[in-house]
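In listed order, ligands and their atoms are each counted from 1.
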Amino acid sequence: MAKYIVLLGPPGAGKGTQAQIVAEKYGLAHVSSGDLFRENLKNETELGKLAQTYMKRGELVPDDVTIAMVRDRLSRLDCRDGALLDGFPRTPAQAESLAQMLQEFDGAVTLVPYISVPEEILVERLGGRWTCRANGHVFHEKFNPPVVAGICDLDGSELYQREDDKPETVKNRIKVYQEQTAPLIAYYQERALLAEIDGTKPIEDVTTELLQAIEKAD
Ligand code: ADP
Ligand code: ADP
């Protein structure tokens with residue numbers, strides 16, 4: 001049975017950073033709903049245009065389109081043996097749909113690492129985040145600076161600051177997280193899938209804790 005790992009945590013917790021490291025280590029597909037939306041935006045698709053109206057306000061894109069987009073991604077060959085999900089599910093309805101679609105793909109969610117970080121730290125993390133244009137690699141001007149400012153270490157593309165990482169939008173994203181996504185902590189706890197990880201530590205220490213949780217669940 002294919003195993004799917006869901007990374008849960010507030011915006012800025014370090015989901016993308018950790019997903020990148022872990023996916024590479026295990027040769028797992030990294031499925032980031034935020035990256036999928038941003039790719040659609042870049043390619044000016046209808047989905048991208050629709051998503052942008054929500055993303056720029058820091059609100060969630062409606063469940064039906066989000067679920068359809070992720071389903072399409074998970075049905076690709078590279079996800080057949082499992083994947084690391086980053087940013088999906090974000091609502092209980094998305095979690096229910098995920099469970100159903102994975103059953104169809106002969107898989108299941110086997111672990112939900114919850115990267116916990118208090119709110120005060122998130123604003124500083126997102127305010128200093130620099131994202132790469134080509135592949136969404138993330139850096140931080142203070143906590144994880146690129147070797148050359150403004151350039152991605154991994155693919156040489158330009159780094160930019162996301163429109164929705166501005167303090168006003170970040171505040172709304174955290175509120176939306178509390179209201180709509182935080183209930184998933186209890187949802188996965190009830191299903192005995194949750195593993196809480198202390199996300200306030202340096203990146204390498206969070207990775208160590210995360211890898212331990214994954215190996216323990218195997
Ligand atoms: P973060 O860095 O906060 O985790 P993401 O890159 O995952 O941000 O998401 C950016 C935006 O994309 C969200 O604020 C939301 O508008 C949209 N989005 C991403 N994933 C989802 C999802 N699962 N459901 C609804 N909207 C989503
Ligand atoms: P998410 O995907 O959960 O929104 P990211 O992985 O994009 O979070 O991380 C948000 C910002 O915080 C990025 O600039 C990243 O470099 C930085 N960051 C990630 N993990 C840590 C950490 N453990 N300590 C300090 N900064 C971190």
Side-chain angles (χ1 to χ4, degrees), residues 6-23 30-41 47-48 50-71 73-74 84-95 97-98 113-119 121-132 135-146 152-154 159-166 169-181 184 197-210:
V6 168
L7 285 185
L8 195 61
K15 300 182 297 298
T17 301
Q18 298 300 331
Q20 207 175 295
I21 299 169
V22 172
H30 170 196
V31 175
S32 156
S33 44
D35 284 353
L36 292 172
F37 283 130
R38 281 184 290 277
E39 240 169 70
N40 275 279
L41 211 68
L47 173 62
L50 172 80
Q52 193 187 22
T53 59
Y54 297 93
M55 291 171 83
K56 69 177 184 210
R57 293 197 295 258
E59 281 161 20
L60 294 186
V61 181
D63 280 338
D64 54 347
V65 283
T66 303
I67 291 165
M69 175 183 75
V70 172
R71 167 185 270 281
R73 178 68 190 86
L74 288 177
L84 196 55
L85 281 87
D86 156 18
F88 182 94
R90 256 178 159 100
T91 64
Q94 291 180 14
S97 296
L98 178 66
Y114 160 48
I115 306 180
S116 119
V117 174
E119 202 167 316
I121 299 182
L122 301 174
V123 181
E124 191 187 11
R125 290 236 184 130
L126 295 174
R129 171 159 71 180
W130 289 79
T131 304
C132 119
N135 295 299
H137 298 125
V138 286
F139 297 86
H140 192 281
E141 55 195 29
K142 240 182 23 210
F143 307 131
N144 183 25
C152 178
D153 288 359
L154 300 159
L159 299 179
Y160 72 103
Q161 289 194 285
R162 277 169 46 180
E163 193 62 31
D164 60 344
D165 280 346
K166 287 185 304 205
T169 319
V170 164
K171 287 206 187 85
N172 194 41
R173 284 162 64 199
I174 293 172
K175 183 166 162 271
V176 166
Y177 167 81
Q178 291 300 354
E179 290 170 1
Q180 304 192 53
T181 309
L184 293 182
I197 311 276
D198 178 0
T200 63
K201 293 182 187 162
I203 294 174
E204 304 76 64
D205 297 1
V206 177
T207 304
T208 304
E209 231 186 277
L210 183 58

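When each atom of ligand 2 is checked for a heavy atom of F139 under 4.0 Å away, the hits are 13 (C), 14 (O), 16 (O). Interface of P202 with ligand 2, defined as ligand atoms under 4.0 Å from a residue heavy atom, comprises 23 (N). In the vicinity of F143, heavy-atom distances shorter than 4.0 Å reach the ligand 2 atoms 25 (C), 26 (N).
Looking at every heavy atom in both residues, P146 comes nearest to L159 through CG-CD1, 3.6 Å.
Side-chain contact between R173 and L126: present, with at least one pair of heavy atoms (C-beta onward) separated by less than 4.5 Å. Using a 4.5 Å cut-off on side-chain heavy atoms (C-beta onward), S33 and R90 make contact. Annotation: side chain of Q18 is in contact with side chain of I203 (closest heavy-atom distance under 4.5 Å). Two residues are said to be in side-chain contact when any heavy atoms from C-beta on lie closer than 4.5 Å; V176 and L60 meet this criterion.
The residues lining ligand 1, counting any heavy atom closer than 4.0 Å, are P11, K15, S33, G34, F37, R38, M55, E59, L60, V61, T66, G87, F88, R90, Q94, R129, R162, D164, R173.
Take H140 and apply the ring-ring contact (aromatic ring centres under 6.0 Å, His included) test, not counting sequence neighbours, and it matches F143. Judged as a side chain to side chain contact (heavy atoms under 4.5 Å, CB included), and not counting sequence neighbours, the contacts of V65 are L47, L50, V61, P62. Partners of Q52 by side chain to side chain contact (heavy atoms under 4.5 Å, CB included), not counting sequence neighbours, listed by chain and number: L41.
For a threshold of 3.5 Å applied to N or O pairs, the pair formed by Q18 and ligand 2 contains no separation below that value.
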